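Input: a single structure, listed below in structure tokens.
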Amino acid sequence: MTPRLTAVQLEEFRSSIWDYYQHHRRSMPWRETADPYHIFVSEVMLQQTQVARVRQKYADFLQRFPSWHELAVARLADVVQQWQGLGYNRRARFLHQAAGEVVSRFACGLPADQQLLATLPGIGHNTAGAICAFAFGMPVVFIETNIRRVYIHFFFDGRYKVSDTQLLPLIEQTLDRSDPRQWYFALMDYGATLKAHGSNPNRRSAHYSRQPGFEGSRRQLRGAVLRLLVSGQRLALADIAAAVGEQHAGSLESVLSDLENEGFLAAEQAHYYLR
DNA sequence: GTCCAGGACC
DNA sequence: GGTCCTGGAC
């Protein structure tokens, strides 16, 4: 199933990655710090979102919410406002909730523990691993899209439906324990270039799927509703319906209900507002 | 205009 | 296995 690497294969692979990194490393602000809060914010932003779009948002967000405490005590509406343009607003709510938990559960700071980090909202095994590697320099095993590309490209040439379960033992075998932080930076930079040049190896991942269209979707409507309310105004159903337009009329009430249940919205006297 | 990148949670 | 956003590339 998963190949066991020889010492020579291992050395060749590591050399390829390090050599590429030496000449083509990408510079990013969150790579210049080991501050757990800064790393945490960057990793949540980088979930499902490309580096280019995160850069400015990262700087603005930290300017507005400089510490766990200031994020924890902020209004959710302010956090969502700061999040605008990144998409997947649930991440803003998770981040806000996570800050609350960090302040209450981990007064001494973020724990250097992958399992424990993965109990925080919005943090799964992979983001927890990234935080451990980048904030604490720990030799943990995790996978994300760029890393996935690298291992499929090198070790599963011509194969289809490659699962992460097959990749993880290889990531573990090849992990350079002398400097996990730089090693993962190097892997991700190599993976990013594989996408840019030639066919994307991740299409051969068992976890690849084509995404549905955005125009007219519930996702689009959710974004539109939050954008409408993010400035703090309270609006009646009819006002929201008028603002989001005819094409969303059928699903508006259901979307409002979802957003209310998720903790984004509240309603008083038939007027909706952002919490 | 159409396609596509990006993990967590239910 | 379905759902969640937005902007940039083509």
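Everything quoted here is computed from the prediction, not taken from an experiment. These numbers come from the heavy atoms of this one structure, side chains and all, not from hydrogens, waters or symmetry mates. Sequence lines set the chain letters: A, B, ... in the order given, protein chains first and strands last, and positions in each chain run from 1.
- When distances run from any side-chain atom of Q84(A) to the nucleotides dC4(C), dA5(B), dT6(C), the shortest one goes to dT6(C).
- The distance from atom CD1 of I123(A) to atom C1' of dA8(B) is 9 Å, rounded to the nearest whole Å.
- Separating the CD atom of Q220(A) from the C1' atom of dG7(C) is a distance of 13 Å, rounded to the nearest angstrom.
- If you measure from atom CD of Q82(A) to atom C1' of dT6(C), you get 17 Å, rounded to the nearest angstrom.
- Going from atom CZ of R93(A) over to atom P of dC4(C) covers 13 Å, rounded to whole Å.
- Of the side-chain N and O atoms in S209(A), none sit less than 4.0 angstrom from OP1 or OP2 of dG1(C).
- Between the side chain of R181(A) and the backbone N or O of A133(A) there is no donor-acceptor pair closer than 3.5 Å.
- Using a 4.0 Å heavy-atom cutoff across all strands shown, E215(A) reaches no nucleic acid atom at all.
- Taking the ring centroids of F13(A) and F154(A), they lie under the 6.0 Å cut-off.
- When rounded to the nearest whole Å, the span between CG of L259(A) and P of dC10(B) equals 15 Å.
- Side-chain proximity of Y88(A) to dC9(B), dC5(C), dT6(C): nearest is dC5(C).
- In terms of position along DNA chain B, the nucleotide closest to R219(A) lies nearer the 5' end than the nucleotide closest to the other residue of the pair F94(A) and R219(A).
- When ring centroids are compared, W68(A) and F40(A) come within the 6.0 Å threshold.
- The closest donor-acceptor contact from the side chain of D239(A) to the backbone of A236(A) lies under 3.5 Å.
- Using a 4.0 Å heavy-atom distance criterion, S217(A) is classed as making no nucleic acid contact.
- No contact: P212(A) has no heavy atom under 4.0 Å from any strand.
- At least one side-chain nitrogen or oxygen of R227(A) sits closer than 4.0 Å to the OP1 or OP2 atom of dT6(C).
- Distances were taken from every side-chain heavy atom of F214(A) (C-beta onward) to each of dA5(B), dC5(C), dA8(B); the shortest belongs to dC5(C).
- With N126(A) contributing its side chain and I143(A) its backbone, the two residues share a donor-acceptor pair below 3.5 Å.
- Donor-acceptor pairing under 3.5 Å, judged by distance alone, is present between the side chain of Q211(A) and the base of dC5(C).
- The base of dT6(C) lies close enough to the side chain of R53(A) for a donor and an acceptor atom to sit less than 3.5 Å apart.
- Separating the OH atom in Y272(A) from the CG atom in L256(A) is a distance of 5.0 Å, to the nearest 0.5 Å.
- Sequence order on DNA chain B of the closest nucleotides to R91(A) and A118(A) puts R91(A) first from the 5' end.
- Atom CG in N200(A) sits about 17 Å away from atom P in dC3(B), given to the nearest Å.
- Closest approach to the T145(A) side chain among dA5(B), dG7(B), dC4(C) is made by dG7(B) (side chain taken as heavy atoms from C-beta onward).
- Scanning atom types as modelled, one donor and one acceptor separated by under 3.5 angstrom connect the side chain of Q50(A) and the base of dA5(B).
- The side chain of R90(A) places no N or O atom within less than 4.0 Å of a non-bridging phosphate oxygen (OP1 or OP2) of dC9(B).
- Between N126(A) and the phosphate of dA8(B), there is a side-chain N or O to OP1/OP2 separation shorter than 4.0 Å.
- Nearest nucleotide to the side chain of Q47(A), out of dC4(C), dA5(B), dA8(B): dA8(B).
- In this structure, the CE atom of M45(A) is 14 Å from the C1' atom of dT6(C), given to the nearest Å.
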